[in-house]
Amino acid sequence: MDALILEPSLYTVKAILILDNDGERLYAKYYDETYPTVKEQKAFEKNIFNKTHRTDSEIALLEGLTVVYKSNIDLYFYVIGSSHENELMLMSVLNCLFDSLSQMLRKNVEKRALLENMEGLFLAVDEIVDGGVILESDPQQVVHRVALRGDDVPLTEQTVTQVLQSAKEQIKWSLLR
């Protein structure tokens, strides 16, 4: 019994990817240095897409990594971990991400809707995984936290339309008193 015993680690997720139906990157977040350059990352993404876009399975072992994935209309969602990682943990991250986006986009999880709501995607991924550590797997909690963080945008980071809308609401409430 000379098998290598690995120490347990909280760092379970190596990357989260969302690709379109042509295999082009819409979102990618790598949590370690497995693919340090953008060129290597893009080559890896093309390889993943070519291996998975015609299959109906949910898991693949590729380049020594465990890849769980899901497709919907014109999007492909990937969560990547090491080869010894628990697939159920990776799948819980994938399902949480997909279900959170589905709620935030009102069940309209497609490329155009996602591109229009990228800030929500960024916040959702940050709520689910931080530095490769899984923080949350409940989509309801993620959507709730994203909604809270979206309301507290500082004035300097708001668009002109948001500032005008906020000013209108404040004037309206001051006149109603």
Donor-acceptor pair, distance only, cut-off 3.5 Å: does the side chain of [X] make one with the backbone of [Y]?
| X | Y | result |
| --- | --- | --- |
| Q41 | Y35 | yes |
| D130 | D126 | no |
| D74 | N21 | no |
| D22 | E24 | no |
| S92 | M89 | yes |
| N117 | G120 | no |

Checking side-chain contact (heavy atoms from CB on, under 4.5 Å) against Y69, which of T55, V79, L19 comes through? T55
Begin with the C-alpha distance, continue with both residues' side-chain angles, and end with the deciding distance and a verdict on side-chain contact (heavy atoms from CB on, under 4.5 Å) for V133 and Y31. CA-CA 9 Å; V133 178; Y31 295 103; over 6 Å; no
Would a single hydrophobic cluster contain both [Y] and [X], if residues Ile, Leu, Val, Met, Phe, Trp and Tyr are joined by side-chain heavy-atom contacts under 4.5 Å?
| X | Y | answer |
| --- | --- | --- |
| I48 | F77 | no |
| I73 | L114 | no |
| V93 | M104 | yes |
| F122 | L97 | yes |
| V13 | F44 | no |

Taking atom [atom1] of [X] and atom [atom2] of [Y], what is their separation to the nearest 0.5 Å?
| X | Y | atom1 | atom2 | answer |
| --- | --- | --- | --- | --- |
| E58 | T52 | CD | OG1 | 12.5 Å |
| E40 | T34 | CD | OG1 | 10.0 Å |
| K14 | E33 | NZ | CD | 10.5 Å |
| L62 | K51 | CG | NZ | 6.5 Å |
| L115 | Y27 | CG | OH | 14.0 Å |
| T37 | K42 | OG1 | NZ | 11.5 Å |

Is the shortest side-chain heavy-atom distance between [X] and [Y] below 4.5 Å?
| X | Y | answer |
| --- | --- | --- |
| I59 | V67 | no |
| V142 | C96 | yes |
| I134 | L90 | no |
| L61 | L65 | no |

Where is the tightest heavy-atom contact between [X] and [Y], given as atom of each residue plus distance?
| X | Y | value |
| --- | --- | --- |
| I80 | L17 | CD1-CD1, 3.5 Å |
| L135 | E127 | CB-O, 3.5 Å |
| L75 | E110 | CD1-C, 3.6 Å |
| L105 | A113 | CD2-O, 3.7 Å |
| L26 | M118 | O-CE, 3.4 Å |
| V143 | S100 | CG2-O, 3.7 Å |

Centroid-to-centroid, Y76 to F49, below 6.0 Å? yes
Restricting to side-chain hydrogen bond (donor to acceptor under 3.5 Å, both in side chains), what partner residues turn up for E136, sequence neighbours left out? R145
Only counting residues at least two apart or in another chain, list the ones meeting side-chain hydrogen bond (donor to acceptor under 3.5 Å, both in side chains) with Y30. E45
Could you walk me through whether L94 and I16 pass the side-chain contact (heavy atoms from CB on, under 4.5 Å) test, one step at a time? CA-CA 9 Å; L94 178 65; I16 295 177; over 6 Å; no
Any side-chain donor paired with an acceptor under 3.5 Å for Y78 and S71? no
K70: what forms a salt bridge (Lys or Arg N to Asp or Glu O under 4.0 Å) with it, not counting sequence neighbours? none
